[in-house]
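Beneath this line is the structure, given in structure tokens, with notes to follow.
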Amino acid sequence: MPTVELIRVSKTYGRGSRAVDDVSLSIHDGEFLVLVGPSGCGKSTVLRMVAGLEEVTEGQVKIGDRIVNDVAPKDRDIAMVFQNYALYPHMSVYDNMAFGLRRRKLPPAEVDRKVRGAADTLGLETYLRRKPRELSGGERQRVALGRAMVRDPQVFLFDEPLSNLDAKLRVQMRAEIKRLHQRVNATMIYVTHDQVEAMTLGDRIAVLRRGLLQQVADPFTLYGRPANQFVAGFIGSPPINFFSAMLDETSTTLRSAGVSIPVPPDVTARIVSRRGRALTLGIRPEDLLLEERGAGVTLDGVVDVREPLGNEVLVHLATPVGQFIARYPGQNVPAVGSKAKLHFSFAKLHCFDPDTELALKGAE
């Protein structure tokens with residue numbers, strides 16, 4: 001399978017409105033890369049430029065060693081799976097999967113071998129004579145996957161293929177797509193607005209915002225070392241807790257809403273460039289403890305809301321520095337209206353420049 005490379009790609013509409021702005025990205029041979037971001041961030045436009053469904057305003061798109069800016073979609077050797085399945089309602093599952101192969105005039109025996117092989121992989125053997133109206137949403141999506149598989153394309157493209165499914169089916173289909181990638185080891189580019197889908201599926205994830213690429217990394221790096229405040233807030237559910245603070249001009253103490261927080265040298269080194277100026281701090285819900293444990297920060301809180309999830313409870317607390325959400329394992333948590341202590345270690349603290357929103361990683 002080939003690499004896919006975007007070299008300073010931009011897409012402009014109408015009166016200079018930039019849907020994609022100077023994006024450079026390399027998708028490795030056999031990699032599963034996910035494009036994620038909020039609605040209107042440009043992720044589907046990037047995918048459609050790779051597919052040839054949108055013209056590239058600036059830059060180059062390469063598949064393998066070939067620049068494909070002016071190559072027709074049918075000649076790019078890609079297969080695309082859409083959100084709406086795009087199945088022919090009057091055709092059987094078998095005929096839907098075989099349609100593209102027959103158009104390419106492949107021998108009937110080869111068409112049959114490919115269709116039945118894909119059906120076996122996707123668990124569709126008993127559905128081959130059914131029409132799309134006789135299938136569930138998940139089964140229709142598997143047919144759409146099978147139609148892409150039989151083509152043996154260089155690159156698979158997925159445009160929010162699970163958006164129309166209910167929550168249970170989305171989980172099942174995520175696993176199907178993950179297994180498909182492991183079996184065929186193909187280059188895949190997947191678009192979603194769902195950060196849980198992105199984290200569970202992608203070898204790497206590219207986060208976009210307003211047409212600009214924010215960060216490209218594996219899921220653990222995105223979560224643990226976000227490049228900026230947007231990535232930190234977008235990746236993770238429930239989202240990270242942010243609060244404002246300021247480092248004293250002459251000491252190693254952070255002050256926030258009247259609360260003084262002495263900080264160790266390693267934290268001071270990360271935020272010293274903001275001495276005497278505001279900075280934004282972040283702490284993830286699972287890093288907040290309802291008991292003091294080792295060195296770190298302890299805040300007084302009052303429980304506002306509890307959200308039981310069975311194996312854990314999301315606890316919303318009001319603190320002097322703002323509203324926090326804590327992820328608390330088990331079921332025994334403080335009652336609504338009761339006081340609680342919130343504790344977190346300095347090692348879990350994320351620091352950002354509020355002017356640029358970039359992560360603060362050390363002394364400048």
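- Lys339 has no carboxylate O lying under 4.0 Å from a charged side-chain N of Asp300, or vice versa, which leaves the two without a salt bridge.
- Under a hydrophobic clustering in which Ile, Leu, Val, Met, Phe, Trp and Tyr are joined whenever their side-chain heavy atoms come within less than 4.5 Å, directly or via other members, Leu35 and Val196 fall into different clusters.
- Each salt bridge (Lys or Arg N to Asp or Glu O under 4.0 Å) pair with one or both residues in residues 43-54, not counting sequence neighbours, appears once here: Lys11-Glu54, Arg48-Glu54.
- With contacts defined as side-chain heavy-atom distances shorter than 4.5 Å, the pair Leu201/Met188 does not qualify.
- In the displayed structure, Arg103 atom CZ is contacted under 6.0 Å by at most 12 heavy atoms of other residues, nucleotides or ligands.
- Between Ala257 and Val321, the shortest heavy-atom distance links the atoms CB-CA, 4.2 Å.
- The aromatic rings of Phe352 and Phe242 sit perpendicular to each other, their planes meeting at more than 60°, with 30° as the lower class boundary.
- Hydrophobic cluster of Phe99: the remaining members, joined at side-chain heavy-atom separations below 4.5 Å, are Tyr88, Met91, listed by chain and number.
- With rounding to the nearest 0.5 angstrom, the CD1 atom of Ile325 is 12.5 Å from the CZ atom of Arg284.
- Side-chain contact between Val23 and Leu208 is present, with at least one heavy-atom pair separated by less than 4.5 Å.
- Looking at residues two or more places apart in sequence or on another chain, you find a salt bridge (charged side-chain N to carboxylate O under 4.0 Å, His left out) between Arg274 and Asp353, Asp355.
- Arg116 CZ to Thr121 OG1: the interatomic distance, rounded to the nearest 0.5 Å, is 13.5 Å.
- Counting only distance, with no hydrogens or angles, the side chain of Glu197 and the backbone of Asp194 share no donor-acceptor pair below 3.5 Å.
- Linking Ile, Leu, Val, Met, Phe, Trp and Tyr whenever their side-chain heavy atoms come within less than 4.5 Å puts Phe82 and Leu47 in one cluster.
- Of the residues listed (Val216, Val231, Val36), the one engaging Leu222 in a side-chain contact (heavy atoms from CB on, under 4.5 Å) is Val231, and it is the only one.
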